[in-house]
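Take a look at the structure set out below.
Atoms within a ligand are numbered from 1 in the order they appear, just like the ligands themselves. Predicted, not measured: the structure shown is a model, and the values here were computed from it.
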Amino acid sequence: MNRKDEEEFEKLIARLRDDPRTQEMKKYIQHGAVTTYDHCMDVARMAFVLNRRLRVGAAEEDVVAAGFLHDYYLYDWHVHGDRLHGYHHPKIAAENAARDFGLSPDAAKAIESHMWPLTLFHAPSSRVAWVVTLADKICSAKETLFKRSAG
Ligand SMILES: [Fe+2]
Ligand SMILES: [Fe+2]
């Protein structure tokens with residue numbers, strides 16, 4: 001990101017990032033050695049950049065909020081014992097995010113559909129949903145590849 005992007009991203013992320021409730025995500029591992037917090041921050045940044053570079057035109061506040069909170073499910077899925085975590089966590093994250101941060105309906109729906117096509121009946125239905133889904137796939141692939149190459 002260039003300096004202008006960084007400054008504008010900072011304005012949008014500050015309130016969410018500095019909240020003790022989102023800091024909780026530092027306790028949980030997403031993939032390999034990457035915490036859920038780091039993954040969510042990467043997805044927020046990636047979604048913000050894709051939205052600008054590809055001229056998607058989604059509302060930036062929604063893109064950053066849905067990107068950062070898309071995995072705000074607040075448990076360790078490795079020990080939680082839920083083999084259907086992939087299917088269940090989007091709804092849990094959306095509910096937690098709406099409860100704690102009062103998201104717009106578009107942002108909440110984007111969180112619910114971010115695992116599509118795994119969650120077949122919750123397909124992205126807005127610009128913000130598409131950009132968050134794409135950003136999550138890119139960031140997750142990077143984390144998984146890094147883990148494999150590092151053994
Ligand atoms: Fe997720
Ligand atoms: Fe994710």
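- In this model, a donor atom of one side chain and an acceptor atom of the other lie less than 3.5 Å apart for D38 and T35.
- Evaluation of the ring pair (Phe, Tyr, Trp, His ring centres under 6.0 Å) rule for H39 yields H31, H70 as partners, not counting sequence neighbours.
- Nearest to the Fe ion (ligand 2), among the N, O or S atoms that H39 has, is NE2.
- Residue C40 does not count as close to the Fe ion (ligand 2), with no N, O or S atom under 2.8 Å.
- D100 and Y72 are linked by a side-chain donor-acceptor pair at a separation below 3.5 angstrom, with hydrogens and angles left out of the test.
- Shown are the protein N/O/S atoms under 2.8 Å from the Fe ion (ligand 1), given by residue and atom: D71 OD1, H89 NE2, H114 NE2.
- Figure legend: R45 and F9 shown as a cation-pi pair, the cationic atom lying under 6.0 angstrom from the six-membered ring centre and within 45 degrees of its axis.
- A heavy-atom distance below 4.5 Å is not found between the side chains of D62 and V132.
- Aromatic ring pairs are classed by plane angle as parallel below 30°, tilted from 30° to 60° and perpendicular above 60°; the pair H89 and Y73 is perpendicular.
- No donor-acceptor pair under 3.5 Å is formed between the side chain of K109 and the backbone N or O of H122.
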